[in-house]
Every structure is written in C-alpha cells, then in structure tokens.
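Worksheet: one structure, shown below.
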Amino acid sequence: MTKQMKSLLIQPEESRTKYNFEGIIENECLDLEYVSALLKELGHEVKMFDCQVEKATANSFIRKEKADVVYITGRVFQENFMLEYAQTAKETREDTVTIIGGIHAQLCADRMFKDYVDYILTSFDVYNVQKIIEESEDIDSLPGVCIRKSDGFKVNPAVPFDINRLPRPDRTYFYEHPNNYGYLEMSHAAWVRTAFCCPYRCKFCIRNRMNNGKYSARDIDDVVAEIKDIESDNIYIVDDDFLFDEERLDRFVSLVKENHIEKKYICYGRSDFIASHEDTMAKLKEIGFYYILVGLEAIDDNCLKDYNKRSSIDNNIKSIEICNRLGLNIMGMFILDLDFVPADFKKLYKWIKAHEIKHVAVSIFTPEIGMETYDEYKDRIITDNPSHFDYLHLVASPGRISVKKYYMCYYILLIKLFLKAKKDGIYDFLDYGYYIKSFIGNMFKKKRENDDE
C-alpha cells in the first residue's frame, strides 16, 4: 500500500418521494460491507453512508469528507442518484477516484460512461475495488472493469466470480443502526448471501444474468458459521433462490441445530420446490424460518409458460397450502401483466382471497434495461427515467387498455389488498390510512408518463 486512503462507500436512496417502503423494508448495505472489510484490513479509512437511514444528504456528506475514493452501488432505479453522487465527488475534489458497482452496472455499464466516473465494475469481484485503490495490479487488464480513458471507456469483459472467495462482511455500520434494516415486523434483519445468480431462467428476471449467468454457491458450513456470529435475531437470506438443493438445505438445518442457533429467517424460494418438499419445509419451519418469499407470478398456466417460469398453477396452490399448514408466512409475489384488463385485476384479487394468501406483493411487469424484454417492448416504452424501473410504475404502454385505466386498476387492487391485510390483522405497524390516501391520490394524478414521482 502506497498510502492510507479515505474511502466513502455509498448506498443511494430508492426514491425521493414518500411513495416508498422506507422504514418498512430497509436493506442492509451488504455489498458495501464486503468492500469495507477488504479496505479496513489493508489499513484504509472507510466511511459508509446509507441514504435510507441517514438524515443528511449524500451530497453534503461527499462535500464534507472530500475523500480519496467514492464507491457507489445500486440498482437501475437508483441510476440517477449514483451518477449524481459521482459527479458531486468530482466537482468537490477533482482527483477523487469515483467507482460505480452493483447489479445495474453488470448489465448496463455503458449508461454510466460519464466523464465524472472513473471505473465501473461489471462483476461481483469485490477485490477489484481493492486493486483499483491499491494499484496492486495492472488495472487496465482487470476483468470486469470499465476504465475511463481520454478517448472513452476501455471495457474489460467480466468473468464469473466464485462466491466462496468473499470476505466476511464488516457489519459495523449495521450494528450502529439497531433501529433500521428490518423486513416488515422483523426488526434489524441482517442480510446473508449464500449464492450468486439463479439456476433458473425466468424471462422477466434480471437476477439470472448476474455473475455472467453462472450460479455459484457458498459452502453451507461457512454460511452457518457466519450466521452464528451475527449479532441479530433475524436473518434475511437474500439468494435469488435459497430453496434449491435439498441436500444442502438438510445440511443447513443440521448445522443450525448442532450450533444451537435460535433465529428467525427470511428467504426466497420457488413454488415447485415447496410443492414437492413438504418435509424439508417442515424442517426449515422448525429451526425458525418465518417468511418464504415465493414468486407465484401468475394465476394462469399460459402466462407462467410465457414467463418461462417452469412451474404451474398447481404448484402455486400446493405451495400455499403447505406453507399455511406448516405455519410459514408465504409472501406471494405476483406480476401484473401488461395485457391485463380490469377483469384480470379483479380475478387476481379473488384468487388471492380464495387461496388464503395473507402476505402479498404485486409488481408491474417491467421490461428490464439491458435484457431481451426491453428490446421486445422497445416500441412501447413510455419513459426514459430509470427511476421508474422500480416495478411500481408503468414503463411500457399496456396492450389492451390505456395507461390511465391501468393505473386506476392497479391502485384499486393495492387498496383492496391493504384493506384485506388490515382485516387479517397483519402489518399492525403500518399506517394504513397514509398508504391508502396516497394510492387514491395517485389514481387521479394528471401527469404520469414522465413525471418525477
């Protein structure tokens, strides 16, 4: 190391409006914590800033600190914020090294080819941040790094990263904010990642393109050792699909029991796995699994086939029944198709009610920037604002009804789901009135397609 460097690691806000889930679902800065661990081990000064929880603005923080390095990570709907912070860093101190990483950068690095961005990381290899700062290798040849040159950006293709090479995250910032980073009523939930990418290839999902499309799983013994050391009662396993390998899950259950770990867990899983592995789900329930986030997506087999979901409505129904029977809280996640008409919104609500799903999340079908679906819908894209690619906005015109009518049906569905949740006695911590009023306000909003909502 040539000298001690001051690095700022920034996680942008998800939105600058009140229409978000701040205080209800707050994500730990896990990607930044890996980088922090590496840099601190080398003796660098590291300061983290999460716009979800800080009262000050990131811009004011950047101007105050005047750091040697500013590293920013985020998703597509945070693109504007990531670029804004990189620009602020350069305007504050010209020789600050600006680096952008995260999953958006893996597919859409070219959108961030700006004269105030020095490096863009297109892989999960967190050691590239260290190498850039330390100048310990020939940076020009680092795989998965885009480098700003006088005549444009030099792009070094990414290669898959072995997740077993990850360091243990530095959770200092997480522990400094004990009243943040919850998932619904599960307060201060620590993120744990046990795999990169997803072994499935759903048409709508960007996650299966991460890590060059290569699924990479951690040794489960190491995962349990990490969980045991975490000073939190709630663990959010953020793999794109944790319920994948039955043998690995059995080993996980055995190790949790052997180590006398008593925590609650959240994870993602598929309905076809749940439908065919009730015994495994019972074991997970026994050791503390509380929320299972399941992409049910649709209530029609033809739609599931079109999404390349490789599952069925029968699996969806059976997975709901199994989770309800075992006392697992299934979070049913659905996609509102762009070809929906008013009857489809009503039908979905009736199906949810009939199958006794208490916890529900609905997302508007979003052709992801950088994927084939974006090209497929390019003639129907109605906004160029990346902030709208948050699954809460229409970014492509509906196929059978107007934008205004679609939003009307969408917000009516949300209101009905919130009223159902209130009746079911869940989410007591929510201000139901606030959200319902905001939905009603959005229903009658005049400006829509390219507003700054």
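Everything numeric in this text was worked out from a predicted model, so none of it was measured.
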So with a 6.0 Å cut-off around [atom1] of [X], is the heavy-atom count from everything else above 12?
| X | atom1 | value |
| --- | --- | --- |
| Lys203 | NZ | yes |
| Lys263 | NZ | yes |
| Lys6 | NZ | yes |
| Glu176 | CD | yes |
| Glu41 | CD | no |
| Arg201 | CZ | yes |
| Lys131 | NZ | yes |
| Lys40 | NZ | yes |

Task: side-chain contact (heavy atoms from CB on, under 4.5 Å), paired with Tyr183, selected from Ile266, Asn234, Ile24, Asn27 - done: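 By the side-chain contact (heavy atoms from CB on, under 4.5 Å) criterion, Tyr183 pairs with just one of Ile266, Asn234, Ile24, Asn27: Ile266.
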Could you check, using the six-membered ring where one of them is a Trp, whether [X] and [Y] have ring centers closer than 6.0 angstrom?
| X | Y | answer |
| --- | --- | --- |
| Phe77 | His393 | no |
| Tyr391 | Phe365 | no |
| Tyr173 | Phe49 | no |
| Phe289 | Tyr265 | yes |

Just so I know, are the side chains of [X] and [Y] near enough to count as touching, which here means a heavy-atom distance under 4.5 Å?
| X | Y | answer |
| --- | --- | --- |
| Ile100 | Tyr119 | no |
| Phe273 | Phe244 | no |
| Asp125 | Arg165 | yes |
| Leu348 | Leu336 | yes |
| Ile369 | Arg111 | yes |
| Ile274 | Ile292 | yes |
| Arg251 | Leu255 | yes |

Specify the closest pair of heavy atoms between [X] and [Y], including all atoms of both residues, with the distance to one decimal.
| X | Y | value |
| --- | --- | --- |
| Glu79 | His104 | OE1-NE2, 2.7 Å |
| Tyr374 | Gly370 | CB-N, 4.4 Å |
| Ser312 | Leu304 | C-CD1, 3.6 Å |
| Val395 | Pro367 | CG2-CD, 3.6 Å |
| Leu32 | Ile10 | CD1-C, 3.5 Å |

Check whether any side-chain N or O of [X] sits under 3.5 Å from a backbone N or O of [Y] as a donor-acceptor pair, and report yes or no.
| X | Y | value |
| --- | --- | --- |
| Arg207 | Cys197 | no |
| Ser363 | Ile335 | no |
| Thr96 | Ala67 | yes |
| Asn180 | His188 | no |
| Asp241 | Leu243 | yes |
| Thr98 | Asp118 | yes |
| Asn164 | Ala217 | yes |

Less than 3.5 Å apart, any donor N or O on the side chain of [X] or [Y] sitting next to an acceptor on the other?
| X | Y | answer |
| --- | --- | --- |
| Ser36 | Asp170 | yes |
| Glu84 | Tyr116 | no |
| His177 | Glu26 | no |

Open item on the list: Is the positively charged end of Arg270 above the ring of Tyr200, judged by distance under 6.0 angstrom from the centroid and angle within 45° of the axis?
Closed with: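 So Arg270 does make the cation-pi contact.
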TODO: Please step through salt bridge (Lys or Arg N to Asp or Glu O under 4.0 Å) for the pair Arg93 and Asp95, ending with a clear verdict.
DONE: CA-CA 6 Å; Arg93 179 179 162 185; Asp95 62 348; 2.6 Å; yes
With the threshold set at 4.0 Å, does a side-chain nitrogen-carboxylate oxygen contact exist between [X] and [Y]?
| X | Y | result |
| --- | --- | --- |
| Arg171 | Glu226 | yes |
| Lys257 | Glu286 | yes |
| Lys305 | Asp300 | no |

- [ ] Please lay out, stage by stage, how Asp272 and Lys309 fare under the test salt bridge (Lys or Arg N to Asp or Glu O under 4.0 Å).
- [x] CA-CA 10 Å; Asp272 52 349; Lys309 187 66 185 181; over 6 Å; no
